[in-house]
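Each remark here refers to the structure printed beneath this line.
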Protein chains: 2
Amino acid sequence: MGPRAGHGVSTDDDLATFAGTGGAASVRVAAYLREQILRGHLAPGERIRQEEVAERLGASRLPVREALRMLEAEGLTEHEPHKGARVPRLSRHEVEVVYKMRERLEPLALLESLPLLDDDAHARLADVQRRIEDNDDLDRFLELDREFHLGTYSGCHIDPLNAMVTRLWNSTQHYRRAFVTLGGRDRMWVVNSEHRLILDAVVRRDGADAERFLRGHIRRTRIELGHHPAVFGEEG
Amino acid sequence: MGPRAGHGVSTDDDLATFAGTGGAASVRVAAYLREQILRGHLAPGERIRQEEVAERLGASRLPVREALRMLEAEGLTEHEPHKGARVPRLSRHEVEVVYKMRERLEPLALLESLPLLDDDAHARLADVQRRIEDNDDLDRFLELDREFHLGTYSGCHIDPLNAMVTRLWNSTQHYRRAFVTLGGRDRMWVVNSEHRLILDAVVRRDGADAERFLRGHIRRTRIELGHHPAVFGEEG
DNA sequence: GGGGTAGATTTCGGATCCAATCAGTGCCAC
DNA sequence: GTGGCACTGATTGGATCCGAAATCTACCCC
C-alpha cells in the first residue's frame, strides 16, 4: 500500500459518513465505499480488503462482502474468487467504448425523460448549470456535471435504463477526473455552451435537438479525452 | 406458491447440475439459479427464499446470498432489504425501453466485434443459424437465438459492453419466451431471413449493413412484441 | 547470483448461531 | 361488522469461528 494521504487511517470523517446514514449496515458500507471510489480516494486497480474496511467502519466482514457485491452491480468494483475485490482498471479502448455506449444510450434516456420533466425540473437544471459556471473547483465540477446530466434523465423512472447510464458514469468517473484535472479546464467554456444548448432543447421539449446536442457533447468529450495519454497512465 | 411442476422438490437433475460444475460454491449456486431463471422455471415476481435454495443444493445460506448478489449484477434478480430477492417483473413500458436500449447498444457491439471475427467464428455462426432453421422446439429456439446474437458479439472482448448486452438479454428472457410461445412461431421465417442478412453482412465485414440489419431486426421484434398483450399478463 | 520450491502469513470463502425485521393472524374495542 | 393493534411465525441481516486458497518470504539448490 502506498503512502497516500488519508489511507489506512480511520478518520472521523469516515465514521461520520458511515454513522450518518440510516438503513442496513451493508447499505451503509456500500454508500461509504461508493463515495470513496467516486471521490477518487480509491484508484483503479487498487485492492479493497474486506477486513480493513470492516475494521474502519466498526462492522464485521459480512456486510462488507455484501456491499462489495452491490458495488459490483454498479460497475464500481470487480471480483475474482479467492483474490478479492478491486476497483476496475479500464484500458484506453475500454474507456472509449464506454463513451460510445454513452453516446447511444444517454440520448435515449434523455428522449424518454424529456416529456416528464416539468418546469420545476427545468429550474433545478438551470440552477445546476449556473453553479457549474460559477464554480472554480475541479472536484466540485465533476459532481455538478454528473448532477446536471443525470438530472436531465431523472424524469424517466425506467429502472433498467437509469441504472445502466449510472453504471457507465460510475465506471469512467476516475478517467473523467484525470481528464479534467490534467487540462480539461480550457475546455470548460465549450462544455458549458454545450450544456446550455442541451438545456435549451430540454426546456423547449425538442427531442431531436436534445438528442443531437447530447450525442455531440459526449462524442466530443470522448475524442478530447482520447488525446490525453496521461489519463490512462501512458505518460512514460 | 403455485403447484407448478418441479418446484419445491429437490430433483436429481438439480443436484446433478449443481455438483457437475466446479469452482466456488457461490459460483455454482449462481449458475444453478441463473439456469432456473433463464429456462423459465422461476417466473418474474417470484420470490427466491435463501433457505430453500440452500437446502435444495446442500449448501448453507451464505453462498446463496452471494449468488443472489451476483445475479443482481446480471439483471436476473432484484433485492429489497429485509424482504429478500425476487425475479424482476418488468412493465410493458420497461420491456419496450429495454428493447430500445438493445436497438442502440447491440449494433455497437456488433460493430466493435466485426473486425475480430475470423472464418472460424463465421462458420460457427452459420452452423448455429442452420440449427435454428432445422429446429422445431420453442425452448431450443430461445437458446439458439441467444447463441446466435451473442455469438456475433463474441469477437469484442470489451467487458463493459458485453456484460451490458448480456444483461439486457437476461432481463427480457421471460418476455421473449412468452412471445415465442404465444404466437411468434409464424414470425420465425422472418427472423431467419433477417438472421441471414445479418450473417451475410458479418461475413462480408460490412459494418454499416450489419448495424442497419441488426437494428431493424431488434426494432421489428420490439414492435411485434408490443402487440401481444398476453406477454405482459394483460390478457384479462 | 538467480530461479524455484516449501513453509508461513494473509486474506477470502463457508458454516453456524443469534438478532432484527416483516407478514400474516387473531383478538379486542368501537 | 369493521378497523386497529399486538402477537407469533417466517425470513432475512449480521457476528463469530473455522477451513481453503493465494501470496509472500526465506531458503536451498543449481
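To find a chain, count down the sequence lines: A is the first, B the second, and so on, and within it residues start at 1.
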request  = Output the distance between atom OH (Y32(B)) and atom CG (L71(B)), rounded to the nearest 0.5 Å.
outcome  =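 If we round to the nearest 0.5 Å, Y32(B):OH and L71(B):CG are 12.0 Å apart.
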message = Which residue is it: E143(A), R177(A), R146(A)? I am looking for the one with a side-chain contact (heavy atoms from CB on, under 4.5 Å) to L38(A).
response =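 For L38(A), the side-chain contact (heavy atoms from CB on, under 4.5 Å) check succeeds only for R146(A).
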Where the side chain of [X] meets the backbone of [Y], is there a donor-acceptor pair that is under 3.5 Å apart?
{"X": "D139(A)", "Y": "R39(A)", "result": "no"}
{"X": "R86(A)", "Y": "E46(A)", "result": "no"}
{"X": "S154(A)", "Y": "L150(A)", "result": "no"}

Polar atoms only, N or O, under 3.5 Å: list the protein pairs with nucleotides 10-12 of chain D and their distances.
{"from": "dT11(D)", "atom 1": "OP1", "to": "R49(B)", "atom 2": "NH1", "distance (Å)": "3.3"}
{"from": "dT11(D)", "atom 1": "O3'", "to": "R47(B)", "atom 2": "NH2", "distance (Å)": "3.3"}

inquiry  = Looking at R131(B), I want to see if its CZ is surrounded by more than 12 non-hydrogen atoms of other residues, nucleotides or ligands under 6.0 Å.
reply    =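 Atom CZ in R131(B) is crowded, with more than 12 foreign heavy atoms closer than 6.0 Å.
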query = Between which nucleotides of DNA chain C, 5' to 3', does chain A make heavy-atom contacts below 4.0 Å?
reply =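 In short, chain A contacts DNA chain C from dT11(C) to dG14(C).
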Summary of side chain to side chain donor-acceptor pair (under 3.5 Å) pairs that have at least one residue in residues 104-121 of chain B, sequence neighbours excluded =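 Applying side chain to side chain donor-acceptor pair (under 3.5 Å) to every pair that reaches into residues 104-121 of chain B, excluding sequence neighbours, yields H93(A)-E112(B), K100(A)-E112(B), E211(A)-R104(B), R102(B)-E106(B), E106(B)-Y153(B), E106(B)-W169(B), D120(B)-R124(B).
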